[in-house]
There are 2 protein chains.
Amino acid sequence: MPPQPARRSERSRRAILAATQELLTESGYAGLTIESIAARAGVGKQTIYRWWRGKGAVVLEAIAEHLPEATALPDTGDLRADLRGVVRATVAEFADTGASAVTRTLTVEILVDDELAGEVRDRLLRPRLEGVRARLEAARAAGQVRADAPLDQVVELVFGPVYHRWLLRTSPFTESYADALAKLVMTAVTPAGR
Amino acid sequence: MPPQPARRSERSRRAILAATQELLTESGYAGLTIESIAARAGVGKQTIYRWWRGKGAVVLEAIAEHLPEATALPDTGDLRADLRGVVRATVAEFADTGASAVTRTLTVEILVDDELAGEVRDRLLRPRLEGVRARLEAARAAGQVRADAPLDQVVELVFGPVYHRWLLRTSPFTESYADALAKLVMTAVTPAGR
DNA sequence: CCTATATCGATACGCAACGTTGCTCACCCG
DNA sequence: CGGGTGAGCAACGTTGCGTATCGATATAGG
(Lines give C-alpha, C1' and ligand atoms only; values in the text may rest on other atoms or scores of the structure.)
Protein backbone atom coordinates (compact mmCIF):
# COMPACT_ATOMS: atom_id res chain seq x y z
CA MET A 1 0.00 0.00 0.00
CA PRO A 2 2.71 2.56 0.83
CA PRO A 3 4.83 3.88 -2.08
CA GLN A 4 8.32 2.72 -2.83
CA PRO A 5 10.08 2.32 0.46
CA ALA A 6 13.46 2.57 -1.22
CA ARG A 7 13.41 6.34 -1.37
CA ARG A 8 11.93 6.75 2.03
CA SER A 9 13.65 9.17 4.38
CA GLU A 10 14.82 7.31 7.43
CA ARG A 11 15.48 10.68 9.05
CA SER A 12 11.84 11.70 8.81
CA ARG A 13 10.63 8.31 9.93
CA ARG A 14 12.66 8.41 13.10
CA ALA A 15 11.71 12.02 13.79
CA ILE A 16 8.02 11.15 13.52
CA LEU A 17 8.24 8.17 15.83
CA ALA A 18 10.32 10.10 18.34
CA ALA A 19 7.92 13.04 18.31
CA THR A 20 5.02 10.67 18.84
CA GLN A 21 6.58 9.16 21.92
CA GLU A 22 7.50 12.54 23.34
CA LEU A 23 4.06 14.03 22.88
CA LEU A 24 2.41 10.96 24.31
CA THR A 25 4.38 10.93 27.53
CA GLU A 26 4.33 14.71 27.85
CA SER A 27 0.72 15.56 27.27
CA GLY A 28 -1.05 12.25 27.04
CA TYR A 29 -3.83 11.51 24.66
CA ALA A 30 -5.06 15.07 24.42
CA GLY A 31 -1.77 16.38 23.08
CA LEU A 32 -1.49 13.82 20.33
CA THR A 33 -2.76 14.85 16.91
CA ILE A 34 -1.35 14.20 13.49
CA GLU A 35 -0.69 17.91 13.18
CA SER A 36 1.15 18.13 16.47
CA ILE A 37 3.30 15.15 15.53
CA ALA A 38 4.13 16.72 12.18
CA ALA A 39 4.97 20.05 13.77
CA ARG A 40 7.16 18.52 16.46
CA ALA A 41 8.94 16.28 13.99
CA GLY A 42 9.50 19.11 11.51
CA VAL A 43 7.67 17.16 8.86
CA GLY A 44 4.80 17.68 6.47
CA LYS A 45 1.53 16.03 7.36
CA GLN A 46 1.55 14.29 4.03
CA THR A 47 4.75 12.50 4.94
CA ILE A 48 2.84 10.88 7.77
CA TYR A 49 -0.23 10.04 5.74
CA ARG A 50 1.96 8.64 2.99
CA TRP A 51 3.39 5.92 5.21
CA TRP A 52 0.80 5.36 7.91
CA ARG A 53 -2.95 4.89 7.94
CA GLY A 54 -3.53 7.25 10.81
CA LYS A 55 -2.71 8.16 14.35
CA GLY A 56 -3.10 4.64 15.68
CA ALA A 57 -0.70 3.12 13.20
CA VAL A 58 1.97 5.67 14.09
CA VAL A 59 1.57 5.00 17.79
CA LEU A 60 1.75 1.28 17.18
CA GLU A 61 5.02 1.58 15.31
CA ALA A 62 6.43 4.02 17.84
CA ILE A 63 5.84 1.43 20.50
CA ALA A 64 7.02 -1.50 18.44
CA GLU A 65 10.25 0.41 17.87
CA HIS A 66 11.57 0.29 21.42
CA LEU A 67 9.97 -2.98 22.25
CA PRO A 68 11.83 -5.38 24.47
CA GLU A 69 12.66 -8.54 22.58
CA ALA A 70 12.23 -10.61 25.71
CA THR A 71 8.91 -12.17 24.89
CA ALA A 72 9.68 -15.45 26.61
CA LEU A 73 9.20 -15.79 30.33
CA PRO A 74 12.02 -16.93 32.55
CA ASP A 75 11.61 -20.53 33.56
CA THR A 76 12.93 -21.01 37.05
CA GLY A 77 11.06 -24.24 37.47
CA ASP A 78 8.80 -22.50 39.98
CA LEU A 79 5.64 -21.67 38.09
CA ARG A 80 4.15 -19.62 40.89
CA ALA A 81 7.23 -17.40 41.06
CA ASP A 82 7.40 -16.99 37.31
CA LEU A 83 3.72 -16.09 37.07
CA ARG A 84 4.09 -13.63 39.88
CA GLY A 85 6.85 -12.02 37.89
CA VAL A 86 4.72 -11.41 34.80
CA VAL A 87 1.77 -10.19 36.77
CA ARG A 88 3.90 -7.79 38.76
CA ALA A 89 5.48 -6.46 35.61
CA THR A 90 2.11 -6.04 33.91
CA VAL A 91 0.59 -4.33 36.90
CA ALA A 92 3.58 -2.02 37.19
CA GLU A 93 3.25 -1.10 33.54
CA PHE A 94 -0.41 -0.19 33.88
CA ALA A 95 0.31 1.75 37.04
CA ASP A 96 2.93 3.84 35.26
CA THR A 97 1.54 7.14 34.02
CA GLY A 98 3.52 7.36 30.83
CA ALA A 99 2.98 3.79 29.69
CA SER A 100 -0.65 4.09 30.61
CA ALA A 101 -1.07 7.12 28.36
CA VAL A 102 0.32 5.19 25.44
CA THR A 103 -1.93 2.24 26.10
CA ARG A 104 -4.92 4.51 26.44
CA THR A 105 -4.34 6.10 23.05
CA LEU A 106 -3.87 2.76 21.41
CA THR A 107 -6.94 1.32 23.05
CA VAL A 108 -9.14 4.12 21.80
CA GLU A 109 -7.78 3.65 18.32
CA ILE A 110 -8.36 -0.09 18.54
CA LEU A 111 -11.97 0.40 19.46
CA VAL A 112 -12.53 2.57 16.43
CA ASP A 113 -10.39 0.80 13.83
CA ASP A 114 -10.84 -2.92 13.33
CA GLU A 115 -7.86 -3.34 11.06
CA LEU A 116 -5.54 -1.65 13.49
CA ALA A 117 -6.90 -3.84 16.24
CA GLY A 118 -5.68 -6.87 14.33
CA GLU A 119 -2.20 -5.47 13.94
CA VAL A 120 -1.91 -4.50 17.58
CA ARG A 121 -3.08 -7.92 18.60
CA ASP A 122 -0.62 -9.72 16.38
CA ARG A 123 2.45 -7.54 16.82
CA LEU A 124 2.10 -6.30 20.37
CA LEU A 125 -0.08 -8.61 22.40
CA ARG A 126 0.29 -12.03 20.83
CA PRO A 127 4.00 -12.35 21.66
CA ARG A 128 3.32 -11.61 25.30
CA LEU A 129 0.39 -13.95 25.53
CA GLU A 130 2.39 -16.62 23.74
CA GLY A 131 5.21 -16.18 26.22
CA VAL A 132 2.93 -16.95 29.12
CA ARG A 133 1.31 -19.76 27.19
CA ALA A 134 4.66 -21.38 26.49
CA ARG A 135 5.59 -21.23 30.15
CA LEU A 136 2.28 -22.83 31.06
CA GLU A 137 2.84 -25.59 28.55
CA ALA A 138 6.20 -26.36 30.04
CA ALA A 139 4.60 -26.45 33.46
CA ARG A 140 1.91 -28.75 32.21
CA ALA A 141 4.51 -31.10 30.79
CA ALA A 142 6.11 -31.10 34.24
CA GLY A 143 2.78 -32.01 35.79
CA GLN A 144 2.41 -28.68 37.57
CA VAL A 145 -0.70 -27.73 35.60
CA ARG A 146 -3.92 -29.68 35.17
CA ALA A 147 -3.92 -31.57 31.92
CA ASP A 148 -7.38 -30.34 30.98
CA ALA A 149 -6.76 -26.63 31.54
CA PRO A 150 -7.50 -24.54 28.42
CA LEU A 151 -4.22 -22.67 28.31
CA ASP A 152 -5.41 -19.83 26.07
CA GLN A 153 -8.08 -19.02 28.58
CA VAL A 154 -5.67 -19.32 31.46
CA VAL A 155 -3.57 -16.66 29.77
CA GLU A 156 -6.64 -14.43 29.63
CA LEU A 157 -7.17 -15.19 33.28
CA VAL A 158 -3.81 -13.58 33.93
CA PHE A 159 -4.17 -10.45 31.84
CA GLY A 160 -7.91 -9.96 31.76
CA PRO A 161 -8.38 -8.86 35.36
CA VAL A 162 -5.57 -6.32 35.02
CA TYR A 163 -7.17 -4.79 31.94
CA HIS A 164 -10.51 -4.79 33.69
CA ARG A 165 -9.19 -2.94 36.70
CA TRP A 166 -7.31 -0.49 34.51
CA LEU A 167 -10.25 0.24 32.25
CA LEU A 168 -12.83 0.70 34.97
CA ARG A 169 -10.49 2.17 37.56
CA THR A 170 -12.12 0.07 40.23
CA SER A 171 -9.17 -0.22 42.59
CA PRO A 172 -5.51 0.82 42.70
CA PHE A 173 -2.64 -1.25 41.39
CA THR A 174 -0.52 -2.54 44.23
CA GLU A 175 2.04 -5.27 44.46
CA SER A 176 -0.09 -7.26 46.85
CA TYR A 177 -2.88 -7.10 44.29
CA ALA A 178 -0.54 -8.58 41.71
CA ASP A 179 0.54 -11.35 44.02
CA ALA A 180 -3.02 -12.21 44.96
CA LEU A 181 -3.93 -12.44 41.29
CA ALA A 182 -1.01 -14.74 40.59
CA LYS A 183 -2.09 -16.88 43.49
CA LEU A 184 -5.65 -17.09 42.19
CA VAL A 185 -4.45 -18.18 38.80
CA MET A 186 -2.19 -20.76 40.37
CA THR A 187 -5.10 -22.19 42.30
CA ALA A 188 -7.10 -22.42 39.11
CA VAL A 189 -4.49 -24.43 37.25
CA THR A 190 -2.81 -26.53 39.94
CA PRO A 191 -3.76 -30.20 39.68
CA ALA A 192 -5.96 -31.55 42.41
CA GLY A 193 -4.13 -33.02 45.37
CA ARG A 194 -1.03 -30.84 45.25
CA MET B 1 -24.99 22.25 38.09
CA PRO B 2 -27.75 21.94 35.49
CA PRO B 3 -30.34 24.74 35.44
CA GLN B 4 -33.77 24.49 36.98
CA PRO B 5 -35.10 21.04 36.29
CA ALA B 6 -38.62 22.21 36.97
CA ARG B 7 -39.11 23.73 33.55
CA ARG B 8 -37.29 20.97 31.75
CA SER B 9 -39.02 19.46 28.76
CA GLU B 10 -39.57 15.78 29.36
CA ARG B 11 -40.52 15.44 25.73
CA SER B 12 -37.11 16.62 24.54
CA ARG B 13 -35.32 14.51 27.08
CA ARG B 14 -36.96 11.32 25.90
CA ALA B 15 -36.48 12.22 22.25
CA ILE B 16 -32.76 12.74 22.84
CA LEU B 17 -32.27 9.46 24.65
CA ALA B 18 -34.30 7.57 22.06
CA ALA B 19 -32.38 9.12 19.18
CA THR B 20 -29.12 8.21 20.87
CA GLN B 21 -30.07 4.56 21.13
CA GLU B 22 -31.30 4.42 17.57
CA LEU B 23 -28.20 5.98 16.10
CA LEU B 24 -25.96 3.76 18.16
CA THR B 25 -27.51 0.51 17.08
CA GLU B 26 -27.96 1.69 13.50
CA SER B 27 -24.60 3.12 12.65
CA GLY B 28 -22.43 2.37 15.63
CA TYR B 29 -19.84 4.70 16.99
CA ALA B 30 -19.20 6.48 13.72
CA GLY B 31 -22.79 7.64 13.37
CA LEU B 32 -23.00 9.11 16.82
CA THR B 33 -22.31 12.81 17.17
CA ILE B 34 -24.01 15.46 19.25
CA GLU B 35 -25.22 17.05 16.05
CA SER B 36 -26.69 13.83 14.69
CA ILE B 37 -28.47 13.23 17.98
CA ALA B 38 -29.90 16.73 17.96
CA ALA B 39 -31.03 16.41 14.35
CA ARG B 40 -32.65 13.02 14.87
CA ALA B 41 -34.35 14.14 18.06
CA GLY B 42 -35.58 17.37 16.51
CA VAL B 43 -33.83 19.35 19.18
CA GLY B 44 -31.37 22.20 19.38
CA LYS B 45 -27.79 21.29 20.26
CA GLN B 46 -27.95 23.70 23.14
CA THR B 47 -30.70 21.66 24.72
CA ILE B 48 -28.30 18.74 24.92
CA TYR B 49 -25.38 20.75 26.25
CA ARG B 50 -27.65 22.37 28.80
CA TRP B 51 -28.42 19.08 30.49
CA TRP B 52 -25.46 16.81 29.73
CA ARG B 53 -21.71 17.20 29.82
CA GLY B 54 -21.15 15.56 26.45
CA LYS B 55 -21.67 12.56 24.26
CA GLY B 56 -20.60 10.07 26.90
CA ALA B 57 -23.02 11.35 29.51
CA VAL B 58 -25.92 11.09 27.07
CA VAL B 59 -25.01 7.53 26.16
CA LEU B 60 -24.70 6.62 29.81
CA GLU B 61 -28.17 7.92 30.58
CA ALA B 62 -29.62 6.31 27.47
CA ILE B 63 -28.37 2.99 28.74
CA ALA B 64 -29.32 3.57 32.35
CA GLU B 65 -32.83 4.29 31.11
CA HIS B 66 -33.69 0.79 29.95
CA LEU B 67 -31.54 -0.94 32.49
CA PRO B 68 -32.73 -4.19 33.99
CA GLU B 69 -33.23 -3.80 37.70
CA ALA B 70 -32.18 -7.37 38.34
CA THR B 71 -28.73 -6.75 39.71
CA ALA B 72 -28.76 -9.71 42.08
CA LEU B 73 -27.82 -13.15 40.87
CA PRO B 74 -30.16 -16.05 41.31
CA ASP B 75 -29.07 -18.30 44.13
CA THR B 76 -29.95 -21.87 43.30
CA GLY B 77 -27.52 -23.19 45.86
CA ASP B 78 -25.33 -24.44 43.04
CA LEU B 79 -22.54 -21.89 42.72
CA ARG B 80 -21.14 -23.42 39.56
CA ALA B 81 -24.50 -23.20 37.79
CA ASP B 82 -25.12 -19.66 38.96
CA LEU B 83 -21.69 -18.51 37.87
CA ARG B 84 -22.14 -20.19 34.52
CA GLY B 85 -25.32 -18.18 34.13
CA VAL B 86 -23.66 -14.81 34.61
CA VAL B 87 -20.74 -15.65 32.41
CA ARG B 88 -23.01 -16.89 29.65
CA ALA B 89 -25.11 -13.73 29.87
CA THR B 90 -22.04 -11.50 29.83
CA VAL B 91 -20.52 -13.33 26.89
CA ALA B 92 -23.79 -13.17 24.99
CA GLU B 93 -24.00 -9.45 25.58
CA PHE B 94 -20.52 -8.82 24.24
CA ALA B 95 -21.21 -11.06 21.27
CA ASP B 96 -24.29 -9.04 20.34
CA THR B 97 -23.56 -6.42 17.69
CA GLY B 98 -25.90 -3.77 18.99
CA ALA B 99 -24.93 -4.01 22.63
CA SER B 100 -21.31 -4.16 21.61
CA ALA B 101 -21.60 -0.88 19.72
CA VAL B 102 -23.00 0.82 22.79
CA THR B 103 -20.26 -0.56 25.00
CA ARG B 104 -17.62 0.48 22.49
CA THR B 105 -18.78 4.07 22.47
CA LEU B 106 -18.94 4.22 26.21
CA THR B 107 -15.51 2.65 26.56
CA VAL B 108 -13.91 5.21 24.28
CA GLU B 109 -15.54 7.98 26.24
CA ILE B 110 -14.40 6.45 29.51
CA LEU B 111 -10.81 6.37 28.34
CA VAL B 112 -10.93 10.06 27.53
CA ASP B 113 -13.05 11.40 30.38
CA ASP B 114 -12.09 10.50 33.93
CA GLU B 115 -15.20 11.93 35.52
CA LEU B 116 -17.48 9.99 33.23
CA ALA B 117 -15.49 6.86 33.99
CA GLY B 118 -16.42 7.25 37.62
CA GLU B 119 -20.10 7.58 36.87
CA VAL B 120 -20.15 4.59 34.56
CA ARG B 121 -18.32 2.54 37.13
CA ASP B 122 -20.70 3.46 39.92
CA ARG B 123 -24.00 3.41 38.07
CA LEU B 124 -23.48 0.71 35.48
CA LEU B 125 -20.75 -1.66 36.54
CA ARG B 126 -20.72 -1.61 40.31
CA PRO B 127 -24.21 -3.11 40.69
CA ARG B 128 -23.27 -6.02 38.46
CA LEU B 129 -20.00 -6.65 40.21
CA GLU B 130 -21.71 -6.37 43.56
CA GLY B 131 -24.28 -8.92 42.46
CA VAL B 132 -21.61 -11.49 41.76
CA ARG B 133 -19.78 -10.57 44.92
CA ALA B 134 -22.87 -11.08 47.02
CA ARG B 135 -23.42 -14.50 45.50
CA LEU B 136 -19.81 -15.40 46.25
CA GLU B 137 -20.19 -14.28 49.84
CA ALA B 138 -23.19 -16.48 50.28
CA ALA B 139 -21.26 -19.38 48.81
CA ARG B 140 -18.38 -18.69 51.15
CA ALA B 141 -20.69 -18.71 54.10
CA ALA B 142 -21.90 -22.10 52.89
CA GLY B 143 -18.33 -23.33 52.74
CA GLN B 144 -18.31 -23.60 48.96
CA VAL B 145 -15.62 -20.96 48.55
CA ARG B 146 -12.19 -20.81 50.17
CA ALA B 147 -12.24 -18.59 53.21
CA ASP B 148 -9.13 -16.70 52.11
CA ALA B 149 -10.29 -15.88 48.57
CA PRO B 150 -10.22 -12.11 47.84
CA LEU B 151 -13.75 -11.80 46.54
CA ASP B 152 -13.29 -8.50 44.73
CA GLN B 153 -10.54 -10.04 42.71
CA VAL B 154 -12.56 -13.15 42.07
CA VAL B 155 -15.21 -10.94 40.55
CA GLU B 156 -12.57 -9.45 38.27
CA LEU B 157 -11.55 -12.98 37.43
CA VAL B 158 -15.03 -13.49 36.05
CA PHE B 159 -15.41 -10.32 34.01
CA GLY B 160 -11.81 -9.46 33.20
CA PRO B 161 -11.16 -12.23 30.70
CA VAL B 162 -14.36 -11.39 28.82
CA TYR B 163 -13.37 -7.74 28.51
CA HIS B 164 -9.90 -8.81 27.46
CA ARG B 165 -11.17 -11.04 24.68
CA TRP B 166 -13.66 -8.41 23.55
CA LEU B 167 -11.12 -5.62 23.51
CA LEU B 168 -8.37 -7.49 21.70
CA ARG B 169 -10.63 -9.66 19.58
CA THR B 170 -8.40 -12.63 20.24
CA SER B 171 -11.00 -15.35 19.85
CA PRO B 172 -14.74 -15.65 19.23
CA PHE B 173 -17.38 -15.72 21.93
CA THR B 174 -18.95 -19.13 22.19
CA GLU B 175 -21.00 -20.80 24.85
CA SER B 176 -18.33 -23.38 25.47
CA TYR B 177 -15.90 -20.56 26.08
CA ALA B 178 -18.22 -19.15 28.69
CA ASP B 179 -18.60 -22.49 30.40
CA ALA B 180 -14.87 -23.12 30.43
CA LEU B 181 -14.32 -19.73 32.03
CA ALA B 182 -16.89 -20.43 34.70
CA LYS B 183 -15.17 -23.73 35.37
CA LEU B 184 -11.79 -22.05 35.70
CA VAL B 185 -13.14 -19.57 38.20
CA MET B 186 -14.77 -22.37 40.15
CA THR B 187 -11.50 -24.22 40.35
CA ALA B 188 -9.82 -21.08 41.64
CA VAL B 189 -12.25 -20.59 44.49
CA THR B 190 -13.29 -24.10 45.49
CA PRO B 191 -11.80 -25.13 48.83
CA ALA B 192 -9.13 -27.80 48.72
CA GLY B 193 -10.40 -31.35 49.02
CA ARG B 194 -13.77 -30.91 47.37
C1' DC C 1 -55.90 34.96 34.46
C1' DC C 2 -51.58 37.36 33.58
C1' DT C 3 -46.96 38.28 33.35
C1' DA C 4 -42.13 37.43 33.96
C1' DT C 5 -38.74 34.38 32.74
C1' DA C 6 -36.50 30.09 31.76
C1' DT C 7 -36.28 26.70 28.24
C1' DC C 8 -37.31 25.57 23.67
C1' DG C 9 -35.80 24.78 18.41
C1' DA C 10 -32.98 26.83 15.23
C1' DT C 11 -29.10 28.95 13.41
C1' DA C 12 -24.67 31.12 13.13
C1' DC C 13 -20.10 31.35 14.81
C1' DG C 14 -15.12 30.40 15.94
C1' DC C 15 -12.09 26.69 16.69
C1' DA C 16 -9.51 22.56 16.04
C1' DA C 17 -8.23 18.57 13.58
C1' DC C 18 -8.95 15.77 9.80
C1' DG C 19 -7.40 14.16 5.35
C1' DT C 20 -6.33 16.03 0.55
C1' DT C 21 -4.14 18.76 -2.90
C1' DG C 22 -0.75 21.63 -5.21
C1' DC C 23 3.63 23.76 -5.13
C1' DT C 24 8.65 23.77 -5.19
C1' DC C 25 13.05 21.73 -4.10
C1' DA C 26 16.41 17.97 -3.76
C1' DC C 27 17.92 13.76 -4.76
C1' DC C 28 18.48 9.26 -7.18
C1' DC C 29 18.61 6.60 -11.44
C1' DG C 30 19.06 5.90 -16.07
C1' DC D 1 21.22 15.76 -17.90
C1' DG D 2 16.40 14.95 -17.53
C1' DG D 3 12.31 12.20 -15.55
C1' DG D 4 10.55 10.57 -11.47
C1' DT D 5 9.59 10.65 -6.77
C1' DG D 6 9.63 11.77 -1.96
C1' DA D 7 10.47 15.76 0.85
C1' DG D 8 8.68 20.20 3.41
C1' DC D 9 5.26 23.56 3.32
C1' DA D 10 0.96 25.85 2.93
C1' DA D 11 -3.70 26.13 1.81
C1' DC D 12 -8.14 24.05 1.23
C1' DG D 13 -12.81 22.05 2.17
C1' DT D 14 -15.12 19.26 5.63
C1' DT D 15 -16.67 17.81 9.95
C1' DG D 16 -17.77 18.05 14.69
C1' DC D 17 -17.24 20.54 18.89
C1' DG D 18 -18.91 23.79 22.20
C1' DT D 19 -20.79 28.67 22.66
C1' DA D 20 -23.75 32.46 21.68
C1' DT D 21 -27.94 34.41 20.29
C1' DC D 22 -32.70 34.82 18.58
C1' DG D 23 -37.78 34.89 18.53
C1' DA D 24 -41.34 31.64 20.16
C1' DT D 25 -43.43 29.15 23.79
C1' DA D 26 -44.70 27.25 27.92
C1' DT D 27 -44.92 27.38 32.73
C1' DA D 28 -44.50 28.98 37.54
C1' DG D 29 -46.18 32.13 40.70
C1' DG D 30 -48.66 35.88 41.95
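Letters A, B, ... are given to chains in the order of the sequence lines, protein chains preceding strands, and every chain is numbered from 1. When reading the values below, keep in mind they use all heavy atoms of this one structure, side chains included, and skip hydrogens, waters and symmetry mates.
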Participant: May I ask you to decide if B:G56's main-chain N or O and B:D113's side chain share a donor-acceptor pair within less than 3.5 Å?
Facilitator: no

Participant: Is the number of heavy atoms from other residues, nucleotides or ligands within 6.0 Å of CZ (A:R169) greater than 12?
Facilitator: yes

Participant: Over how many whole Å does the gap from A:W52 atom CH2 to C:dG19 atom C1' extend?
Facilitator: 16 Å

Participant: Please give, in whole Å, the distance from C:dA6 P to B:Q46 CD?
Facilitator: 15 Å

Participant: For B:I48 and C:dA10, what is the distance between atoms CD1 and C1' respectively, to the nearest whole Å?
Facilitator: 13 Å

Participant: Give the rounded distance in Å between these two atoms: CZ of A:R13 and P of D:dA7.
Facilitator: 12 Å

Participant: Could you check B:K183 against A:D148 for salt bridge (Lys or Arg N to Asp or Glu O under 4.0 Å), going step by step and ending with a plain yes or no?
Facilitator: CA-CA 11 Å; B:K183 187 180 173 191; A:D148 66 335; 3.3 Å; yes

Participant: For residues A:Y49 and A:I34, determine if any side-chain heavy atom of one lies less than 4.5 Å from a side-chain heavy atom of the other.
Facilitator: yes

Participant: Can you find a side chain N or O atom of B:W51 that sits less than 4.0 Å from OP1 or OP2 on C:dC8?
Facilitator: yes

Participant: Rounding to a whole Å, what distance do you find between A:E10:CD and D:dG6:P?
Facilitator: 16 Å

Participant: Should B:R13 and B:E65 count as an ion pair when the cut-off is N to O under 4.0 Å?
Facilitator: yes

Participant: When you check the phosphate oxygens OP1 and OP2 of D:dG6, does a side-chain N or O of A:S9 lie under 4.0 Å from one of them?
Facilitator: no

Participant: Does A:R146 reach the main-chain N or O of A:T190 with its side chain, forming a donor-acceptor pair under 3.5 Å?
Facilitator: yes

Participant: Would you mind reading off the distance between B:Y49 atom OH and D:dG16 atom P, rounded to a whole angstrom?
Facilitator: 12 Å

Participant: Contact class for A:K45 vs. all strands (heavy atom < 4.0 Å): base, sugar-phosphate, or nothing?
Facilitator: base

Participant: Could you tell me how far apart B:R8 (CZ) and C:dA6 (P) are, to the nearest whole angstrom?
Facilitator: 17 Å

Participant: Where along nucleotides 23-30 of chain D does protein come under 4.0 Å, by heavy atom, of base (B) or sugar-phosphate alone (S), with - for untouched nucleotides?
Facilitator: ---BB---

Participant: Strictly below 4.0 Å: does B:R50 bring a side-chain N or O up to OP1 or OP2 of C:dT7?
Facilitator: no

Participant: List in numerical order all residues of residues 19-43 of chain B for which some heavy atom is under 4.0 Å away from an atom belonging to DNA chain C.
Facilitator: B:G42, B:V43

Participant: Would you say that more than 12 heavy atoms from the other residues, nucleotides or ligands in this model lie under 6.0 Å from the CZ of B:R128, or not?
Facilitator: no

Participant: How are the rings of B:H164 and A:Y163 set relative to one another: parallel (under 30°), tilted (30 to 60°) or perpendicular (over 60°)?
Facilitator: perpendicular

Participant: Enumerate the residue pairs fulfilling salt bridge (Lys or Arg N to Asp or Glu O under 4.0 Å) with a member in residues 23-32 of chain A, sequence neighbours excluded, ordered by first and then second residue.
Facilitator: A:E26-A:R40

Participant: Tell me whether the side-chain N/O atoms of A:T47 come closer than 4.0 Å to OP1 or OP2 in D:dG6.
Facilitator: no

